Participant: 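First, the structure itself, so that you have it in front of you.
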Amino acid sequence: MKLIIQIPCLNERDHLPATFADLPRHIDGIDEIEVLIIDDGSTDGTSEVAAELGVHHIVRFPKNRGLSAAFMAGIDACIRLGADVIVNTDADNQYRGNDIQRLVAPVLSGQADIVVGDRQTDTIEHFSPLKRVLQKWGTRVVRRASATHVEDATSGFRAMSRKAAYHAFVHNRFSYTLETLIQAGRADLVVSNVKIRTNPKTRESRLFTGIPAYLKRNGPVIFRSYAMYRPVQTFAYLAALLLLAGIAIIARFVVLYLQNPGYSGHIQSLVLGVGCVILSFMVGLVIMISDLLAMNRRLIEEVLSRVRRLDAQLDREEQPQVEGVHSTGAVPWRPGGTASRQQKKTEARVEEASP
């Protein structure tokens, strides 16, 4: 059983050593652990620091492509590197490495395909009251859209099985957290939660500058993701509302006309009512087309998941080096193994940097 811990990075040379040193070297039920760094176009030498620390694999983008692209590149690389379980964590040491064992336990036991670390945001001191309220509201919306029982939708601390990784697809450039949950729920994957702890805040978020910016970018992501998988439920209410409005307005015209057939001043009601009915039928046609596209999308995703599986098998059987992944040659962490010289250097470096 192989676990790969992937860490998307953007200019994280100062925080990466502490994050790396905090990762567990042994987990019950895991035969070997490796670490993958996805360098999203860093300009501060993050990849060089990662190699010096003893990271096992590095994927580097020549320019910044966004968190979603980094996450998906990591998932793709982990599959081709033979990971049975994948854990995603942040490079700023927000999450505690000791919690990884609890995170992967439901996946190892077969009880879940994806496990999300619940940060228990009510207990995080640097979260403002407004942010806590919005966090709960947003999670409730995602829970409804994804048909899952996720408790912390925006948490990036996650574990997923190989099966779930095959079906992971992200189409927005902003963040993977919400779209992957909606997709997983609609793909009938089992999503569960594990309560975790967080470390003190080390820096401001680089993903968004404030709550308004976050809502502006994540709101459309939720709507678009839900609409892609549930187009009928998304637009049916609009079509029904237009049809009922049109019928009501036409009925008003008919009543007024019957009361006074010689008066033609209510013709506007007839025009408006007919317009609403026509619009409702147009939305109905959009629903039919969208539903066909959603069905086609599900078929394409199933084909892509099978291609991923075959591609990963070919990579392991025919290529010692996975394309696009720089493997440093560091020895995987195994049960009963002693700390390597590089690991000891890493721990010493973190201690020296600590105040």
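Because the structure is a prediction, the values reported are computed rather than measured. Residues take their numbers from the sequence shown, with the count starting at 1.
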Participant: Cation-pi check for Tyr166 against Arg309: NZ or CZ below 6.0 Å from the six-membered ring centre and within 45 degrees of the axis, yes or no?
Facilitator: yes
Participant: First locate atom CG of Leu189, then atom CG of Leu181, and finally report the distance between them rounded to the nearest 0.5 Å.
Facilitator: 10.5 Å
Participant: Is there a donor in the side chain of Glu151 and an acceptor in the side chain of Asn193, or the other way round, less than 3.5 Å apart?
Facilitator: no
Participant: Taking only residues two or more places apart in sequence, or in another chain, which ones meet Glu48 in a salt bridge (charged side-chain N to carboxylate O under 4.0 Å, His left out)?
Facilitator: none
Participant: Which label fits Trp333 and His56: parallel for a plane angle under 30°, tilted from 30 to 60°, or perpendicular past 60°?
Facilitator: perpendicular
Participant: Passes side chain to side chain contact (heavy atoms under 4.5 Å, CB included), Ile114 versus Met160? Steps please.
Facilitator: CA-CA 4 Å; Ile114 298 176; Met160 66 174 62; 4.1 Å; yes
Participant: Spell out, yes or no, whether Met295 and Leu304 are grouped together once hydrophobic residues are joined by side-chain heavy atoms under 4.5 Å, including indirect joins.
Facilitator: no
Participant: Is there a continuous path of hydrophobic side-chain contacts, each under 4.5 Å between heavy atoms, that joins Val190 to Leu103?
Facilitator: no
Participant: Sequence neighbours excluded, which residues qualify as side-chain hydrogen bond (donor to acceptor under 3.5 Å, both in side chains) partners of Thr89?
Facilitator: none
Participant: Under 3.5 Å, is there a donor-acceptor pair between the Thr154 and Arg119 side chains?
Facilitator: yes
Participant: Hey, mind stepping through Lys195 and Asp118 against salt bridge (charged side-chain N to carboxylate O under 4.0 Å, His left out) and telling me if it holds?
Facilitator: CA-CA 5 Å; Lys195 294 187 183 301; Asp118 178 10; 3.6 Å; yes
Participant: Are there more than 12 heavy atoms of other residues, nucleotides or ligands under 6.0 Å from atom NZ of Lys136?
Facilitator: no
Participant: Side-chain heavy atoms nearer than 4.5 Å, only ILVMFWY residues, links allowed to pass through others: does that put Leu270 and Val277 together?
Facilitator: yes
Participant: If only side-chain N and O atoms count, and only distance matters, is there a donor-acceptor pair under 3.5 Å linking Arg158 with Thr177?
Facilitator: no
Participant: Between the side chains of Asp22 and Tyr95, is a donor N or O closer than 3.5 angstrom to an acceptor N or O?
Facilitator: no
Participant: Testing the 3.5 Å rule here: is there a donor-acceptor pair between the side chains of Ser42 and Asp39?
Facilitator: yes
Participant: Return yes when atom CZ of Phe169 has more than 12 non-hydrogen atoms of other residues, nucleotides or ligands closer than 6.0 Å, and no otherwise.
Facilitator: yes
Participant: Do His167 and Glu301 have a side chain donor and acceptor closer than 3.5 Å?
Facilitator: no
